[in-house]
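What follows is a single structure, written as structure tokens, with notes after it.
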Amino acid sequence: MKRKAQLLLPSILVIPSLLIFIYLLYETTKISREKIRTQFALDSAAFIQMQDYTNFLNRTAYVNGAFPYRIFKQEWDCKKQEDFLQRTDDNGNACPYTMFWEAGAFPSWTGDVIGADPSGSTFDNAEKWEIKYNESATELVETPRQAALNTANPNFGNELIFITPKQAQRIYIFWDPSLNYYKFYAQVYLTLGTIEESQLAVFQRLTEKMNFFRKSFYLNAATQKCMDNPELCGEDALKGSGLRKWNRGSDVKIHYIKTMKWWAKYYVGGLPPYEIAKTDPPVDFPDPGLFQLATADPGLLKQIGWGYDLYHPVDPGKNYFNVNFNLKGWQECSDQSAPCVHAKITTQCPNLLQSNNCVWPNPTPKYQTRLYP
């Protein structure tokens with residue numbers, strides 16, 4: 001009996017300690033669960049919202065470079081001998097695709113070969129798509145406008161010279177065919193402009209109130225703040241992060257030309273049977289003009305490449321031990337006044353270390369959304 005009584009005192013001490021340990025484990029699990037849930041909600045919301053920026057930049061890069069290059073390559077390239085235009089000086093011939101590119105009508109891939117299409121792997125494996133306007137003066141385009149276009153802030157001016165006087169003199173390009181070339185060119189860029197305008201409008205609507213971020217955070221966390229005011233769900237993370245709607249004009253610029261003119265041979269009969277005519281007056285485009293391309297602010301592209309820091313507080317709730325965890329700072333949020341979780345969200349392209357500008361020049365649609373802890 002005496003030996004059995006010796007177990008009584010340790011039992012009295014162990015059982016309360018065991019209960020306290022169970023309570024401690026339970027409260028710790030609650031806090032960990034809340035932190036994990038908030039972290040997952042923040043990561044998911046940030047990634048989904050940043051996809052809007054990534055998609056817009058990639059689509060704009062396509063509109064700026066790959067689309068016009070492939071369209072005009074398909075339509076005006078010279079794959080057969082009859083596709084070429086003859087020269088008046090018996091100095092060979094000229095391909096319409098090359099002629100208009102030299103005049104600065106559209107950008108082209110610098111490695112393009114007349115009559116041959118690049119293989120798919122050429123662009124798939126390239127970190128930079130070298131698609132730009134011709135920069136070099138040529139025999140028939142002595143003072144190209146292109147030098148001011150292959151920059152992050154291009155200057156298109158108001159007028160495009162579609163066919164230069166020397167091209168009209170040295171190449172058998174006649175008035176009616178030149179009208180067909182003009183109509184196709186205008187239709188292509190009218191379509192591309194409509195696409196870009198629509199892309200920008202949708203992008204601005206999606207980022208104006210950061211709806212995807214808020215809805216994703218609400219569905220994954222559903223904090224009391226979100227339940228009380230769903231339209232401001234996740235506001236703690238967005239506030240002060242720098243993530244915002246991009247404005248047209250200051251952040252995103254869409255470039256247009258107002259007028260267009262060209263020279264071509266016009267049949268009049270007699271000797272010689274044609275004369276060089278020009279558009280008089282030049283062709284005027286209704287406001288805002290004929291689309292050329294879109295650019296994004298270089299500083300903004302660099303910023304989005306290095307990322308935005310988002311912090312969101314974690315509500316640890318009440319606990320059995322009455323410890324106020326709101327007064328405790330966590331390591332990843334050492335500069336915050338309360339426990340929180342952190343995420344860094346970016347969209348990066350292969351040109352990250354220079355300026356993260358793959359929109360223009362060298363438009364390369366390879367932006368990717370990346371999330372960092």
Side-chain angles (χ1 to χ4, degrees), residues 34-58 60 199-252 296-316 325-326 328-349 351-353 355-359 367-373:
E34 191 63 31
K35 180 181 184 296
I36 292 171
R37 183 171 68 170
T38 307
Q39 183 71 66
F40 177 80
L42 181 63
D43 291 347
S44 176
F47 192 91
I48 290 174
Q49 188 65 65
M50 185 54 72
Q51 280 293 99
D52 292 329
Y53 294 83
T54 301
N55 291 337
F56 173 72
L57 293 175
N58 282 333
T60 300
Q199 289 179 169
L200 179 57
V202 171
F203 171 66
Q204 288 184 310
R205 284 199 299 269
L206 293 175
T207 57
E208 183 174 11
K209 295 183 179 180
M210 300 293 169
N211 287 333
F212 280 178
F213 182 95
R214 298 185 192 280
K215 289 180 180 179
S216 176
F217 196 93
Y218 179 90
L219 293 173
N220 287 291
T223 62
Q224 190 59 48
K225 283 186 177 181
C226 288
M227 300 292 287
D228 295 339
N229 195 346
E231 292 186 357
L232 292 179
C233 187
E235 183 65 21
D236 291 312
L238 292 172
K239 182 174 57 180
S241 67
L243 199 61
R244 61 174 177 82
K245 169 188 173 183
W246 287 3
N247 299 310
R248 178 171 179 166
S250 57
D251 301 321
V252 178
D297 178 68
L300 207 55
L301 292 175
K302 185 175 182 179
Q303 181 183 16
I304 203 172
W306 292 114
Y308 298 95
D309 290 297
L310 290 86
Y311 298 90
H312 197 282
V314 177
D315 183 10
F325 282 96
N326 288 321
K328 310 290 184 180
W330 295 356
Q331 184 175 1
E332 59 266 41
C333 304
S334 57
D335 58 340
Q336 304 295 310
S337 59
C340 72
V341 292
H342 167 261
K344 179 187 283 289
I345 192 67
T346 73
T347 182
Q348 301 172 341
C349 77
N351 194 33
L352 172 64
L353 296 181
S355 59
N356 198 45
N357 183 1
C358 293
V359 176
Y367 281 95
Q368 293 183 336
T369 301
R370 290 187 172 92
L371 179 70
Y372 298 91

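A donor-acceptor distance shorter than 3.5 angstrom exists from the side chain of Y367 to the backbone of N356, with no hydrogens or angles considered. Q348 places no side-chain N or O within donor-acceptor distance of the main-chain N or O of Q368, the cut-off being under 3.5 Å. Checking side-chain atoms of D297 against main-chain N and O of L300 turns up a donor-acceptor pair under 3.5 Å. The closest donor-acceptor contact from the side chain of T54 to the backbone of M50 lies under 3.5 Å.
Here the straight-line distance linking atom SG of C233 with atom NZ of K215 works out to 12.0 Å at 0.5 Å rounding. Note that the CG atom of D43 and the NE2 atom of H342 stand 10.0 Å from one another [nearest 0.5 Å]. To the nearest 0.5 Å, atoms CG (L232) and OH (Y218) are separated by 13.0 Å. Taken from CG in L57 to SG in C358, the straight-line distance is 9.5 Å, to the nearest 0.5 Å.
Of the candidates T347, I345, T346, L243, T347 is the only one forming a side-chain contact (heavy atoms from CB on, under 4.5 Å) with I304. If you run side chain to side chain donor-acceptor pair (under 3.5 Å) between D251 and each of Q204, R244, K245, only R244 comes through.
Considering all non-hydrogen atoms of both residues, C340 and Y311 come closest at SG-CD2, 4.0 Å. The shortest heavy-atom contact between R37 and N220 is CG-O, 3.3 Å. Summarising the geometry of P313 relative to D236, their closest heavy-atom pair is CD-CB, 3.5 Å, with the distance given to 0.1 Å. Smallest separation of non-hydrogen atoms from A41 and A221: CB-CB, 3.6 Å. Across every non-hydrogen atom of L42 and A237, the tightest pair is CD1-CB, 3.7 Å.
When the shell of 6.0 Å around NZ of K344 is examined, it contains more than 12 heavy atoms from other residues, nucleotides or ligands.
Counting heavy atoms from C-beta outward, S44 and S216 have side chains that approach closer than 4.5 Å. At a threshold of 4.5 Å between non-hydrogen side-chain atoms, the residues V314 and Q39 do not count as touching. The shortest distance between side-chain heavy atoms of H312 and F217 falls below 4.5 Å. No side-chain heavy atom of T207 sits less than 4.5 Å from a side-chain heavy atom of F56.
Applying the ring pair (Phe, Tyr, Trp, His ring centres under 6.0 Å) test to residues at least two apart or on different chains, none of the pairs has a partner in residues 219-240. Under the ring pair (Phe, Tyr, Trp, His ring centres under 6.0 Å) criterion, the residue pairs touching residues 36-55 are Y53-F203, Y53-W246, with sequence neighbours excluded.
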* Stepwise side-chain contact (heavy atoms from CB on, under 4.5 Å) check, R214 with E235 -> CA-CA 8 Å; R214 298 185 192 280; E235 183 65 21; 2.8 Å; yes
* Intermediate values then yes/no, salt bridge (Lys or Arg N to Asp or Glu O under 4.0 Å), R205 and E208 -> CA-CA 5 Å; R205 284 199 299 269; E208 183 174 11; over 6 Å; no
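Take K209 and apply the side chain to side chain contact (heavy atoms under 4.5 Å, CB included) test, not counting sequence neighbours, and it matches N211.
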